[in-house]
Amino acid sequence: MSELKVNESSIPVYILSGFLGSGKTTLLVQLIEHWQQQGLRPAVVMNELGEVNLDGQIVDASVPMTEMLGGCICCTVRGDLGLQLADLVQEESPDVIVIEATGAANPMEILDAVTETSLYMRLELKSLITVVDAAHLSGLYQEQKGQTFKLMQEQIRCASVLLLNKTDRVNEQQLADLRDLLARWNGFATVMPTVKCEVDMDVLLRSGDNVHAYQSVEGTIKHEDKEHHVHSEACAEHGCSHNHVDPHPHASHEHVMVYTHYFTQPVNSEAFERLIAELPRDVYRAKGILSFSDTSSRFWFQYAYRESDYMKITPQGDVPNVAVFIGEHFDQSVIRNQLLELEAINQA
């Protein structure tokens, strides 16, 4: 069989990376629509830090999806992702696969897992697309410290294509500075400024081809930052295998915390919106699906970088009322008590 025929029979795989709230799921939905309009059958691997796949609820129900929930991605991804990809290929026969990584993941772990899986399956890693929140990165770069800054830096370094998203939230000088910064951190990746991830999909999907081969040769991916990964309570459950006593420990994302709250009953929408608007700055991402006591519809909400959105939704399957909060060293008990108080008020 010729090389051309081998490539034609391979299933292209795209990895979506980017920090929490950057716009990955928005891009995912647009990619799915693009492929479906071309008559292709896409499939999705969705990774979430929480115990419930909330982002997956806004993906078309006809799209085959497999979930990797609640885990420390560097502890579970290699074996689990290979199995998930194999199941998707065998059961769904997709034309293209897209993997959306949790926003707190080091994408190199996923990249390595996909390339390992492609050794025994006809998968071709086409591109690693990192979505960058322009305003968030601008703020972090001013401080140049903290694990969040280092993780975002690594996500940018790993990328084949960089979507500099939410450019409407920075001024022209900040945008120019950010483009210079991205060029310094990753001179190979195409930088595409966007608002709401609106971009020419054909150009986006072509832009990242073969970049990773050059990166590995030139050594532009810095190994000193490969230490970062997320540890949640699920780490212990899944059996984290890292040697944490090592003088160069692999684990250094303990700063990322996740709190999942399951509601026992609906809460008042205005009271909930006030609670979300007043979340401490240590909570940088929240999302969920809720029933409110003062409306008959269910809503999907998301909160990122001090802004929140609410959208009516009809969940797929039996989805509980749940909210997931992600941040750095925040007091989970405070948020839990506030939400319980909202539930108690409604019950009274």
Report the distance from atom [atom1] of [X] to atom [atom2] of [Y], rounding to the nearest 0.5 Å.
X: Arg206; Y: Ser127; atom1: CZ; atom2: OG; value: 12.5 Å
X: Leu28; Y: Cys197; atom1: CG; atom2: SG; value: 10.5 Å
X: Met152; Y: Ser17; atom1: CE; atom2: OG; value: 10.0 Å
X: Ile313; Y: Leu290; atom1: CD1; atom2: CG; value: 11.0 Å
X: Leu205; Y: Leu31; atom1: CG; atom2: CG; value: 6.0 Å
X: Ser93; Y: Leu88; atom1: OG; atom2: CG; value: 10.5 Å

Minimum side-chain heavy-atom gap [X]-[Y] below 4.5 Å:
X: Tyr310; Y: Ile276; value: yes
X: Leu137; Y: Leu178; value: yes
X: Ile97; Y: Tyr14; value: no
X: Ile15; Y: Ile129; value: no
X: His261; Y: Val324; value: no
X: Met201; Y: Gln30; value: yes

Distance-minimising heavy-atom pair for [X] and [Y]:
X: Gln36; Y: Ser62; value: NE2-OG, 3.8 Å
X: Asp95; Y: Gly39; value: OD2-O, 4.4 Å
X: Ser291; Y: Asn321; value: N-OD1, 2.9 Å
X: Pro64; Y: Pro42; value: CD-O, 3.3 Å
X: Lys196; Y: Thr26; value: O-CG2, 3.6 Å
X: Gln155; Y: Phe19; value: OE1-N, 3.1 Å

(request) Check ring-ring contact (aromatic ring centres under 6.0 Å, His included) between Phe299 and all other residues, then give those that pass, not counting sequence neighbours. (result)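 Counting only residues at least two positions away or on another chain, Phe299 forms a ring-ring contact (aromatic ring centres under 6.0 Å, His included) with Phe292.
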Non-neighbouring partners of [X] that pass side-chain hydrogen bond (donor to acceptor under 3.5 Å, both in side chains), sequence neighbours left out:
X: Glu341; result: none
X: Thr264; result: Glu343
X: Asp168; result: none
X: Ser269; result: Asp294

(message) Do Val203 and Leu163 land in one hydrophobic cluster if side-chain heavy atoms of ILVMFWY residues count as linked below 4.5 Å?
(response)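 Same cluster: Val203 reaches Leu163 through Ile, Leu, Val, Met, Phe, Trp or Tyr contacts under 4.5 Å.
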(message) Please tell me whether Leu40 and Val44 are part of a single hydrophobic cluster in this structure, the criterion being side-chain heavy atoms less than 4.5 Å apart.
(response)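 Linked within one cluster.
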Does [Y] offer a backbone N or O that forms a donor-acceptor pair with the side chain of [X] under 3.5 Å?
X: Lys24; Y: Leu16; result: no
X: Thr167; Y: Thr194; result: yes
X: Asp309; Y: Gln302; result: no
X: Ser160; Y: Leu128; result: yes
X: Asn186; Y: Leu182; result: no
X: Ser138; Y: Ala134; result: no

(request) Identify the residue among Val131, Val132, Thr130, Val199 that makes a side-chain contact (heavy atoms from CB on, under 4.5 Å) with Asn165. (result)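 Considering Val131, Val132, Thr130, Val199, a side-chain contact (heavy atoms from CB on, under 4.5 Å) with Asn165 is found only for Val131.
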(message) Using the side-chain contact (heavy atoms from CB on, under 4.5 Å) definition, which of the options Val96, Val98, Leu123 pairs with Val13?
(response)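 Result for side-chain contact (heavy atoms from CB on, under 4.5 Å) with Val13: Leu123.
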According to salt bridge (charged side-chain N to carboxylate O under 4.0 Å, His left out), who are the partners of [X], at least two apart in sequence or on a separate chain?
X: Glu33; answer: none
X: Arg336; answer: none
X: Arg169; answer: Glu307
X: Lys166; answer: Asp133

(request) With side-chain contact (heavy atoms from CB on, under 4.5 Å) as the test, would you mind laying out the steps for Asn268 and Ile345 before giving the verdict? (result) CA-CA 9 Å; Asn268 179 270; Ile345 291 175; over 6 Å; no
(request) Look at the aromatic rings of Phe272 and Phe263 and report parallel, tilted or perpendicular, splitting at 30° and 60°. (result)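 It falls in the perpendicular class, over 60°.
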(message) Would you call the rings of Phe301 and Phe325 parallel, tilted or perpendicular, taking 30° and 60° as the class edges?
(response)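 Correct class here is tilted.
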(request) Using the side-chain contact (heavy atoms from CB on, under 4.5 Å) rule, take Val161 and Met192 through it: C-alpha gap first, then chi angles, then the decisive distance, then the call. (result) CA-CA 8 Å; Val161 186; Met192 307 179 74; 3.9 Å; yes
(request) Only pairs at least two apart or in different chains count here, so list each salt bridge (Lys or Arg N to Asp or Glu O under 4.0 Å) that has a residue in residues 83-94. (result)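 Non-adjacent pairs meeting salt bridge (Lys or Arg N to Asp or Glu O under 4.0 Å): Arg41-Glu92.
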(message) Walk me through whether Ile156 and Leu162 qualify under side-chain contact (heavy atoms from CB on, under 4.5 Å).
(response) CA-CA 7 Å; Ile156 290 167; Leu162 292 166; 3.9 Å; yes
(request) Go through the steps for Val283 and Ile335 under the test side-chain contact (heavy atoms from CB on, under 4.5 Å), then give the verdict. (result) CA-CA 10 Å; Val283 177; Ile335 294 177; 3.8 Å; yes
(request) For Asn171, enumerate each residue passing the side-chain contact (heavy atoms from CB on, under 4.5 Å) test, keeping only those at least two apart in sequence or located in another chain. (result)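 Gln173, Gln174.
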(request) Output every pair passing side-chain hydrogen bond (donor to acceptor under 3.5 Å, both in side chains) with a member in residues 270-282, not counting sequence neighbours, ordered by first then second residue. (result)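 Listed by first then second residue: nothing to list.
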